[in-house]
Amino acid sequence: MGKNLEITEKLEKYINNYSLKLNPIQQEIIDYNNILGDVKRMQVATSQCHFLHLIIKTSNIKNVLEIGTFTGLSALSIALALPDDGKLVALDKDEGTNKIALDFFKKANQDNKIQTIVKPALESLEELKNSKFDMVFIDADKMNYKEYYERSLNLMDKGGLIIVDNVLWHGEVADDDNLDKYTINIRDFNTYVANDKRVEQIIVPLGDGMTVCRVL
């Protein structure tokens with residue numbers, strides 16, 4: 001049985017050198033986030049940017065919903081992969097980071113593909129309840145993950161994809177002695193999705209862990 005590699009910083013650099021290259025504005029967002037201190041942990045990993053790119057390209061996805069945008073790295077990664085007539089609706093409640101994200105989208109000439117909605121995501125999801133999306137990417141407040149997931153299922157037809165970030169939660173989900181409320185919530189969410197017969201799902205160990213669900 002093969003064993004998963006431990007991805008060291010040195011090996012991660014090697015992987016990046018031999019993988020899809022980032023758009024210059026993607027790199028600008030990463031450089032900007034690096035000066036923000038601990039809050040930069042809200043950014044997706046480079047490997048996740050590439051993964052989202054390939055998923056969208058290979059699945060012919062055109063309409064995407066993102067729940068949780070921060071400064072725009074994942075949203076820009078999605079928009080760059082979408083066809084010219086593709087559309088991303090990006091939800092976030094933070095006006096400050098949304099403005100920063102919008103500036104990056106315009107600089108990358110992708111703002112025509114991206115609609116941002118700034119308010120609590122559950123309110124936005126209620127307003128979007130009659131919409132349809134090919135893919136939903138969830139990377140927002142963890143305590144609402146189950147509700148975001150359920151709302152997302154209602155916005156998708158058979159074959160749609162729901163991708164959820166941070167499902168390994170720094171590896172803490174596997175530590176039964178960790179009773180932090182966020183860890184417990186992610187652990188419970190993972191159990192819920194694993195038992196959901198409406199989807200087939202896998203956990204991919206990229207970044208902080210991503211669950212990929214295909215709607216049956």
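Numbering starts at 1 and runs along the sequence shown.
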Please output the side-chain donor-acceptor pairs of residues 203-216 that fall under 3.5 Å, not counting sequence neighbours, one pair per line with the distance.
unit_1	atom_1	unit_2	atom_2	d
Asp208	OD1	His170	N	2.6
Asp208	OD2	Asn166	ND2	2.9
Arg214	NH1	Glu200	OE2	3.1

Exercise. Linking I/L/V/M/F/W/Y whenever any side-chain heavy atoms sit under 4.5 Å apart, do Ile56 and Phe105 land together?
Worked result: yes

Seminar exercise, completed: By salt bridge (charged side-chain N to carboxylate O under 4.0 Å, His left out), Glu150 pairs with (sequence neighbours left out) Arg198

Seminar exercise, completed: Residues at least two apart in sequence or cross-chain that pass salt bridge (charged side-chain N to carboxylate O under 4.0 Å, His left out) with Glu127, listed by chain then number, are Lys119

Exercise. Can you check side-chain contact (heavy atoms from CB on, under 4.5 Å) on Trp169 and Arg187, steps first, answer last?
Worked result: CA-CA 9 Å; Trp169 202 238; Arg187 195 181 288 139; over 6 Å; no

Which donor-acceptor pairs under 3.5 Å do the side chains of residues 75-89 make with protein atoms, sequence neighbours left out?
unit_1	atom_1	unit_2	atom_2	d
Ser77	OG	Gln26	NE2	2.8
Ser77	OG	Leu73	O	2.8
Asp85	OD2	Lys62	NZ	2.7

Seminar exercise, completed: Note: Phe133 and Val64 closest approach over all heavy atoms is CD2-C, 3.5 Å

Exercise. Which side chain to side chain donor-acceptor pair (under 3.5 Å) pairs, counting each pair once, include a residue from residues 14-25, with sequence neighbours left out?
Worked result: none

Exercise. Side-chain contact, heavy-atom cut-off 4.5 Å: Ile117 with Asp92?
Worked result: no

For this session: Would you mind reporting whether Leu125 and Leu155 have side-chain heavy atoms less than 4.5 Å apart?
Result: yes

Exercise. Any idea which heavy atoms bring Ala121 and Leu91 closest together, and the distance?
Worked result: O-CD1, 4.2 Å

Problem set entry | Sub-4.5 Å side-chain heavy-atom contact between Tyr32 and Ile100 | yes

For this session: Determine whether Leu52 and Met135 make a side-chain contact, defined as any pair of heavy atoms from C-beta on separated by less than 4.5 Å.
Result: yes

Exercise. Is a salt bridge present between Glu9 and Lys13, judged by a nitrogen-to-oxygen distance below 4.0 Å?
Worked result: no

For this session: Identify the heavy atoms of Ile67 and Ser152 that sit nearest to each other, and give their distance.
Result: CD1-OG, 3.9 Å

Problem set entry | Sequence neighbours excluded, every pair satisfying salt bridge (charged side-chain N to carboxylate O under 4.0 Å, His left out) that has a member inside residues 154-173 | Lys132-Asp157

For this session: Show your working on side-chain contact (heavy atoms from CB on, under 4.5 Å) between Thr116 and Leu102 and close with a plain yes or no.
Result: CA-CA 8 Å; Thr116 63; Leu102 283 172; 3.9 Å; yes

For this session: Give a yes or no on whether Met42 and Ile138 share a hydrophobic cluster (residues Ile, Leu, Val, Met, Phe, Trp, Tyr; joining criterion: side-chain heavy atoms under 4.5 Å apart).
Result: no

Exercise. Passes side-chain contact (heavy atoms from CB on, under 4.5 Å), Phe70 versus Val39? Steps please.
Worked result: CA-CA 10 Å; Phe70 189 41; Val39 74; 4.1 Å; yes

Seminar exercise, completed: Note: with side-chain heavy atoms under 4.5 Å as the link, the other cluster members for Leu179 come out as Ile184

Problem set entry | For Glu123, all residues meeting salt bridge (charged side-chain N to carboxylate O under 4.0 Å, His left out), sequence neighbours excluded | none

Exercise. Is there a chain of hydrophobic side chains (I, L, V, M, F, W, Y, each step under 4.5 Å between heavy atoms) that links Phe51 to Leu5?
Worked result: no

Problem set entry | For Lys197, salt bridge (charged side-chain N to carboxylate O under 4.0 Å, His left out) partners two or more places apart | none

For this session: Would you check if the side chain of Lys142 reaches a backbone N or O of Ala140 as a donor-acceptor pair within less than 3.5 Å?
Result: yes

Problem set entry | Joint cluster assignment, Ile55 & Leu22, ILVMFWY side-chain distance < 4.5 Å | yes

For this session: Only counting residues at least two apart or in another chain, list the ones meeting ring-ring contact (aromatic ring centres under 6.0 Å, His included) with Tyr192.
Result: none

Exercise. If you look at every heavy atom in Ile186 and Val167, which pair is closest and at what distance?
Worked result: CG2-O, 3.4 Å

Exercise. Can you tell me if Ser74 and Glu66 form a side-chain donor-acceptor pair at under 3.5 Å?
Worked result: yes

Exercise. Do Leu153 and Asp196 touch side chain to side chain, with heavy atoms closer than 4.5 Å?
Worked result: yes

Exercise. What pairs meet the ring pair (Phe, Tyr, Trp, His ring centres under 6.0 Å) rule with one or both residues in residues 138-164, with sequence neighbours excluded?
Worked result: Tyr145-Phe189, Tyr149-Phe189

For this session: Please report the shortest heavy-atom distance between Gln43 and Ile30, naming the atom on each side.
Result: OE1-CA, 3.5 Å

Problem set entry | Listed once per pair and sorted, the salt bridge (charged side-chain N to carboxylate O under 4.0 Å, His left out) pairs that draw on residues 93-108, sequence neighbours left out | Glu28-Lys107, Lys99-Asp103

Exercise. Linking I/L/V/M/F/W/Y whenever any side-chain heavy atoms sit under 4.5 Å apart, do Leu161 and Val164 land together?
Worked result: no

For this session: Could you tell me the separation between the CZ atom of Arg151 and the CG atom of Leu65, rounded to the nearest 0.5 Å?
Result: 12.0 Å

Exercise. Without hydrogens or angle criteria, can the side chains of Asp188 and Asn185 be said to hold a donor-acceptor pair below 3.5 Å?
Worked result: no

Exercise. Hey, does Asn154 have a side-chain heavy atom less than 4.5 Å from the side chain of Lys129?
Worked result: no

For this session: May I ask you to decide if Gly72's main-chain N or O and Thr69's side chain share a donor-acceptor pair within less than 3.5 Å?
Result: no

Problem set entry | Minimum heavy-atom distance between His53 and Leu20, given as atom pair plus value | CD2-CD2, 3.6 Å

